[in-house]
Amino acid sequence: MAEWSLYLVRTCRGALYTGIATDVARRLGEHAGGGPRGSRYLRAQAPLLLVYQVRLGSRALASRAEHRVKRLPKRTKERLVADAPAAARLLELLGLTPAS
C-alpha cells in the first residue's frame with residue numbers, strides 16, 4: 001500500500017499551495033509541466049519550490065490533514081513551513097490522530 005504525503009509548495013508570487021501525493025517529486029513535475037494532470041492554479045505560478053513535505057500514511061488521513069491545512073491562515077502555514085513538524089506533531093497541531 002502506498003504511503004501518502006502532505007506537501008506545501010511556494011509559488012513565484014509567494015503563495016502556499018497544499019496538496020497530497022504518493023510520489024511528491026512526480027506530482028511536482030506534473031504541476032510544473034502544465035500538463036492535464038497538474039493543478040490549473042499552479043500552471044501560471046512557476047517556478048515552484050517544495051517547502052514542506054511529511055509522510056502521513058493513508059490517503060484518508062492525508063486528505064483530512066490537507067483539508068485542515070488549507071483552512072489555516074497564511075501566517076500559520078508559514079509557521080508550519082518554518083517549523084517543519086514531523087507527522088505526529090503535525091497531526092497533533094491539526095487535531096487529528098493516525099486512526100482518525
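When a residue number appears, it is its place in the shown sequence, counting from 1. Just the heavy atoms: all of them, side chains too, but no hydrogens, waters or symmetry mates, feed the values below.
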- Message: To check you understand the geometry: which heavy-atom pair defines the closest contact between Ala2 and Thr22, and what is its length?
- Response: CB-CG2, 3.5 Å

- Find the distance between OG1 (Thr11) and CG (Leu16) and round it off to the nearest 0.5 Å. 7.5 Å

- Task: Kindly indicate whether the side chain of Leu93, heavy atoms from C-beta on, has any atom under 4.5 Å from the side chain of Thr76.
- Result: no

- Query: Do the non-hydrogen side-chain atoms of Leu49 and Val9 ever get within less than 4.5 Å of each other?
  - Reply: no

- Message: Within the structure provided, determine whether Ile20 and Thr18 are in side-chain contact (heavy-atom separation under 4.5 Å).
- Response: no

- Note on the structure: Between the CG atom in Leu8 and the CD atom in Glu66, the distance rounded to the nearest 0.5 Å is 9.5 Å

- Might you point out which heavy atoms bring Arg27 and Ala21 nearest each other, and give the distance in Å? CB-CB, 3.8 Å

- Distance from Leu96 atom CG to Leu56 atom CG, nearest 0.5 Å? 9.0 Å

- Query: What distance do Cys12 atom SG and Leu48 atom CG have between them, rounded to the nearest 0.5 Å?
  - Reply: 8.0 Å

- Message: So which atom in Ala65 and which in Leu6 form the shortest heavy-atom distance, rounded to 0.1 Å?
- Response: C-CD1, 4.1 Å

- To the nearest 0.5 Å, how far apart are OH in Tyr7 and CZ in Arg55? 15.0 Å

- Message: When you compare the side chain of Lys70 with that of His67, does any pair of heavy atoms fall below 4.5 Å?
- Response: no

- So, are Glu92 and Arg89 salt-bridged, with charged N and O less than 4.0 Å apart? yes

- Check for a donor-acceptor pair, side chain of Ser63 on one end and backbone N or O of Arg59 on the other, with a separation under 3.5 Å. yes

- Task: Answer yes or no: is there a side-chain heavy-atom contact under 4.5 Å between Leu80 and Leu72?
- Result: yes

- Query: Quick check: does any side chain N or O of Arg68 sit under 3.5 Å from a backbone N or O of Gly95, one acting as donor and the other as acceptor?
  - Reply: yes

- Query: Should Tyr52 and Pro85 count as side-chain neighbours, where that means a heavy-atom distance under 4.5 Å?
  - Reply: yes

- Item | Separation of Tyr17 OH from Leu50 CG (nearest 0.5 Å) | 13.0 Å

- Note on the structure: When every non-hydrogen atom of Trp4 is compared with those of Ala62, the smallest separation belongs to CB-CB, 3.8 Å

- Query: Is there side-chain contact between Lys74 and Arg79, with at least one heavy-atom pair below 4.5 Å?
  - Reply: no

